[in-house]
Structure formats: structure tokens, C-alpha cells
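Working notes, beginning with the structure itself.
Just so you know, residue 1 is the first one in the sequence shown, and it goes up from there. Remember, it's a predicted structure, so these values are computed and weren't measured experimentally. Counting convention: from 1, in listed order, for ligands and their atoms alike.
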Amino acid sequence: MRYFSTRDKTISISSSEAIIQGISKDGGLFVPETIPKIDNLMELTKMDYRKLAYFIMSKFFTDFEPTLLKEAIKDAYGQKFSLKDIVSIEKVQDRYLLELFHGPTYAFKDMALSILPRLLRIALKINDIDKEIVILTATSGDTGKAALEGFANVEGIKIVVFFPEKGVSQIQKLQMITQEGENTFVVGIDGNFDEAQNGVKRIFNDREFKEVLDKYGYILSSANSINIGRLVPQIVYYFYGYLDLLKQGELEDGEKINIVVPTGNFGNILAAYYGKKMGLPVNKLICASNENNVLTDFINTGVYDRRRELKLTSSPSMDILISSNLERLLFYILNEDDIAVKDKMERLNKNGFYKIKNINIEDFYGDYSTEDEVTKTIKDVFVHYNYLMDPHTAVAYNVYDKYKLKTKDNTKTIIASTASPFKFGKKIADSIGLNTLGKDEFQILRKLGDKTEIKIPEGISSLKDKAIKHNNYCSKKEMKSMLKKFLKVGEIYD
Ligand SMILES: N[C@@H](CCOP(=O)(O)O)C(=O)O
């Protein structure tokens with residue numbers, strides 16, 4: 001399988017090269033030359049998560065030696081996940097919540113970032129590269145910790161995470177700044193996620209700086225879903241969720257489902273889109289946004305317009321106005337026209353918006369939730385169904401409620417449940433009516449655990465006593481110099 005850039009199909013590289021590069025040198029994202037097809041789903045119901053992961057990933061990562069890929073999958077989806085089945089499906093009201101947060105950092109990002117480090121190391125060997133990889137990551141809260149956890153103490157790799165200092169929850173911040181590992185570097189920036197992501201992309205596109213890094217034996221890669229090595233592992237759990245419902249007799253073979261995804265950078269829902277194109281029987285992909293509803297507007301009007309104020313909400317991982325992975329969807333809805341994709345991306349970069357005439361995007365439905373609707377949903381679902389969900393999942397749950405009201409569509413529906421509620425303790429506690437006045441985050445978490453009789457995840461409660469390991473802060477303009485300081489590269493280090 002070869003991989004093209006969404007902006008230049010003459011760029012054709014292997015899957016291992018695409019995983020190493022992360023983002024194409026022309027700024028585009030790598031897409032597979034064809035999307036493999038899967039039929040006879042009933043056959044796959046016999047597979048456990050790891051076997052299914054291999055079955056799917058091996059179709060995309062075709063230059064990976066089968067035994068090495070199997071070994072990477074076995075190591076990745078092991079004891080770091082609290083469930084033998086890695087994910088779980090919970091029926092709440094009339095829908096199925098696909099819980100993706102039983103990994104080491106309690107967010108769905110673990111599903112891919114548990115294996116990306118292993119894929120990267122194999123990819124380096126395939127391409128006979130003996131340089132040190134510097135993983136550059138911009139996070140709005142969940143990716144950062146999942147990347148740090150995945151890459152910490154991995155030989156030959158350094159992991160650098162930039163996060164919006166004021167744009168993540170207290171637990172998300174603590175998870176990152178207490179990260180151990182000499183090869184880890186965490187920096188809070190004075191901007192928002194989009195500025196962090198733009199800063200990372202600027203560094204990726206800085207040819208001169210990359211030559212300097214090369215002189216010091218470094219090459220850059222990405223842990224964000226712009227990396228195909230992040231996207232492909234995220235396809236697996238949508239098949240797994242469908243097959244689990246098939247096994248349970250909740251679905252007939254071939255019966256179509258809707259999939260609702262709380263969406264920010266578009267990597268998670270795009271994985272479901274790939275699943276649909278591969279043959280997963282999907283009716284609608286419901287893209288659920290918070291009040292940063294740039295994607296809702298795009299899906300409904302064909303206009304992508306980031307010229308609006310970025311709102312800080314209770315679902316910080318979705319506080320994004322530049323959804324990077326939408327570029328891959330554009331590639332398909334523009335009939336794989338790389339020139340057209342390049343033009344739209346340049347317009348977005350220069351003018352802040354672009355328009356797709358006669359947009360053909362019937363695979364998707366878009367809507368959003370206000371903060372008040374999120375609060376009400378968290379409370380109502382807890383009170384009526386005794387199910388506690390995090391704010392991102394509540395966005396998806398509420399958007400699905402509105403979808404059903406509007407369309408009267410009764411297709412069975414999976415909702416991606418993307419994070420543990422205990423990463424957002426104050427919001428959840430306030431939503432269900434607990435008194436949090438004058439209490440610190442850990443007192444609130446204890447109160448929340450007592451009230452709901454849910455055990456606080458060990459990795460969250462233990463943060464209370466963890467030492468702060470990273471105390472770095474910079475302006476969005478100083479990201480490159482912070483990186484140079486960490487890597488000890490550049491004139492002063494020559
Ligand atoms: N929601 C993300 C933002 C980056 O998304 P990614 O899927 O491209 O890593 C976060 O939590 O950082």
C-alpha cells in the first residue's frame with residue numbers, strides 16, 4: 001500500500017515512511033492509495049481485539065513484517081488496559097456507548113497512542129534510519145498525556161508536548177506536568193490549541209530548521225491524528241463495537257448503524273468514515289461539536305470558516321477551530337483532487353475560510369451542544385440511567401437526542417464515549433448537583449466517587465501526590481526556541 005499526500009498525489013511513499021514523517025513535506029496529510037474492503041463481518045466476530053487489530057492494520061501497514069506487527073499489537077493492547085476486551089459497550093437508554101477510555105490515561109487517544117511508539121520503532125528499522133525521532137505534539141488535553149505515556153522512556157525517541165496553559169482541565173494538566181521520563185518535555189503556551197497546532201506545523205514546515213536538526217541526528221514526527229499511524233488503529237474499535245453487538249444478537253448481520261462522535265480535530269470520526277468505506281455497515285456519521293461548532297456549519301453549509309472566537313468549554317479536547325483531519329475527508333469529497341485540496345487549505349491558511357460548492361457529504365450529519373445542554377445531559381443521564389459520562393461524551397449524547405427528534409431515525413446507534421468523567425471532576429460534580437464550593441479537585445473527585453459509588457481511577461487519584469516534573473511555559477512565538485533548548489540544538493549549542 002502506497003500513501004499519497006492530500007495535496008500532491010505524486011508524493012508516493014510506504015506506510016512505514018508515512019508513519020515516520022507524520023505530515024507530508026508539502027503540509028498535506030498522507031492517505032492510502034486505496035481503502036481496503038472488508039466483507040463477511042460474521043467471520044470476524046470470532047476475533048478478539050488484538051486479532052481484529054492485526055486483521056485491519058495489516059491491510060494498511062503492508063510493509064510491516066507480520067510477526068513484528070503482531071508483537072507490537074500484543075504489547076500495546078495488554079495490561080495497561082483495565083479491560084481484557086480493551087473497550088466495552090454499555091447500553092444506556094436506547095443507544096450503545098462504546099467506552100474507549102479504559103487505557104492508561106483514561107481517554108480514547110490511548111487506543112492509538114499505545115501502539116504508535118511501537119509502529120514508529122519498527123518503521124525506523126524498515127527504513128534503516130538510525131536517527132533520533134522527536135515527536136512533536138499539540139494537545140487540547142487528551143492527546144498530550146496519551147502521547148507522553150506511550151513514548152516515555154522509549155529509546156531513540158523524544159516526546160515534546162505543547163498545551164494551551166489555560167485550555168485544559170486541572171487533571172489533564174496535572175497528568176502532563178507530572179510525566180516522568182528523561183525523554184519527555186511538556187510546555188504550556190499562552191495561546192489556544194489551534195495556535196499550538198499551528199506552531200507545531202510551522203516547525204514541521206521549517207526546512208532550514210529541519211536541516212539543523214538533521215545535523216544533530218534528529219528527525220521530526222507527530223503523535224497527533226495527522227499521523228496515519230494514529231488514524232488506522234482508531235478504525236479498529238468501530239469494527240470491534242459493531243461485531244460485539246452482532247455477537248450479542250443486538251444487530252443483524254449487515255444491519256446499518258449510526259455512529260456519533262464528539263469531534264474536535266476530526267481524527268476520531270474520520271476513523272469511523274474509513275470504517276464505513278471499508279464496509280462497516282454505517283448509515284450516518286453524526287459529528288457532534290461543542291460551542292466551537294465550525295464543523296457543524298461546514299457539514300450544513302459547505303463553508304469552513306475559522307474566523308470566530310475560540311470558546312473555552314467544559315469539553316476542552318474539542319476546543320478547536322482548525323480541524324486538521326478534515327483535510328483527509330476533503331480529499332475524498334473532492335474526488336481525490338489533490339490540487340483542489342491544496343487550494344482550499346491555502347485559502348483556509350490565508351483567508352481563514354473556504355467554501356465547497358454543492359458539497360456532497362450525505363455520509364455525515366452535524367450538530368452541536370451548548371454548555372447548558374451538556375450540563376443538563378450529564379445530570380439527566382446520571383439521574384435517569386445512573387450512568388456518569390464526561391463532558392465530551394455528553395456533547396455526543398445530546399446531539400444524538402436532537403438528531404433523533406429532528407429526523408425520527410430509529411437506526412441503532414453507537415456513541416463514542418471518549419474519556420473518563422474523572423478527568424473533568426468539577427464539571428461533572430457541579431452538573432449532578434454536588435456542592436464543590438471551596439473544595440480542591442481531589443476533594444471534589446472523592447465526593448464524586450462517594451456519590452456515584454464509582455472508584456476513582458488510580459492514575460487520577462495518585463496525581464495528588466505526584467511531583468511536578470515540567471514547569472515550562474512560553475508564548476506561541478517561542479515554541480521553536482523552547483524546542484531548541486530541550487534538544488540543545490542551534491548556534492549556542494554548536
Ligand atoms: N483532542 C485532541 C486534539 C488533537 O487531536 P488529535 O486526535 O489530532 O491528537 C487532544 O486532546 O489533544
Side-chain angles (χ1 to χ4, degrees), residues 19 22-23 29-30 100-101 103 105-117 135-151 159-169 171-173 175-176 179 186-189 191-201 204 221-235 237 261-274 287-290 292 294-295 310 312-329 390-393 395-396 416-420 423-424:
I19 290 172
I23 192 166
L29 304 185
F30 291 114
L100 303 169
F101 53 80
T105 72
Y106 315 104
F108 86 92
K109 311 289 184 177
D110 291 325
M111 300 304 295
L113 282 162
S114 296
I115 190 162
L116 181 59
I135 303 279
L136 276 195
T137 308
T139 185
S140 57
D142 287 334
T143 293
K145 177 58 181 176
L148 289 162
E149 185 67 31
F151 284 102
I159 169 77
V160 179
V161 171
F162 292 101
F163 73 93
E165 184 72 28
K166 294 191 174 64
V168 296
S169 77
I171 291 296
Q172 286 176 317
K173 180 175 175 182
Q175 282 184 302
M176 290 187 279
Q179 177 64 49
V186 179
V187 187
I189 72 161
N192 59 39
F193 168 76
D194 288 332
E195 288 159 332
Q197 188 168 231
N198 285 341
V200 162
K201 286 179 179 173
F204 266 108
S221 186
S222 168
N224 287 103
S225 57
I226 51 177
N227 190 323
I228 196 76
R230 260 288 307 279
L231 195 64
V232 168
Q234 294 181 171
I235 300 170
Y237 49 74
V261 185
T263 301
N265 220 18
F266 214 79
N268 200 356
I269 197 167
L270 189 78
Y273 175 72
Y274 270 92
C287 178
S289 297
N290 60 23
N292 294 294
V294 62
L295 289 165
L310 186 128
L312 298 183
T313 72
S314 60
S315 48
S317 293
M318 296 158 64
D319 290 349
I320 295 173
L321 293 179
I322 304 173
S323 294
S324 289
N325 255 295
L326 187 69
E327 180 168 346
R328 287 188 167 109
L329 176 66
D390 86 290
H392 304 79
T393 309
V395 166
S417 180
T418 55
S420 162
K423 291 188 76 168
F424 310 93

Could an N or O of ligand 1 be found under 3.5 Å from any N or O of Asn325, whether backbone or side chain?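 N/O-N/O distance under 3.5 Å: no.
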Is the closest N or O pair between Gln197 and ligand 1 shorter than 3.5 Å? no
Say whether [X] and ligand 1 are in contact under the criterion: heavy-atom distance to a ligand atom below 4.0 Å.
X      : value
Ser140 : yes
Gly267 : no
Phe193 : yes

Check: Arg230 side chain, Ala223 main-chain N or O, donor-acceptor pair, under 3.5 Å: yes
Ser323 side-chain N/O to Phe266 backbone N/O, donor-acceptor pair under 3.5 Å: no
Hydrogens and angles aside, do [X] and [Y] bring a side-chain donor and acceptor to less than 3.5 Å of each other?
X      : Y      : result
Thr105 : Gln175 : no
Asn325 : Arg328 : yes
Lys201 : Ser324 : yes

So which heavy atom in the protein is nearest [atom], and how far is it from that ligand atom?
atom                    : answer
atom 6 (P) of ligand 1  : Ser225 OG, 3.4 Å
atom 2 (C) of ligand 1  : Lys109 NZ, 3.2 Å
atom 11 (O) of ligand 1 : Asp142 N, 2.8 Å
atom 1 (N) of ligand 1  : Ser317 O, 2.8 Å

Please work out whether any backbone atom (N, CA, C, O) or any side-chain heavy atom from C-beta onward of Met318 is under 4.0 Å from ligand 1, and answer side chain, backbone, both or neither.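 Looking at Met318 and ligand 1, no heavy atom falls under 4.0 Å.
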Is ligand 1 under 4.0 Å from a heavy atom in the side chain of Thr143, in the backbone, in both, or in neither?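 Under 4.0 Å from ligand 1, Thr143 contributes backbone and side-chain atoms.
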Under 4.0 Å from a heavy atom of [X]: give me the atoms of ligand 1 that qualify, with their elements.
X      : answer
Gly141 : 10 (C), 11 (O), 12 (O)
Arg230 : 6 (P), 7 (O), 9 (O)
Thr139 : 10 (C), 11 (O), 12 (O)
Asn224 : 4 (C), 6 (P), 8 (O), 9 (O)

At their closest point, which heavy atom of [X] faces which heavy atom of [Y], and how far apart are they?
X      : Y      : result
Asp142 : Thr139 : N-OG1, 3.6 Å
Ser222 : Ile135 : C-CG2, 4.0 Å
Ile189 : Asn192 : CD1-O, 3.9 Å
Gly167 : Pro316 : O-CB, 3.3 Å

Please report the interatomic distance CG(Asn227) to CD1(Ile19), rounded to the nearest 0.5 Å.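 The distance works out to 6.5 Å.
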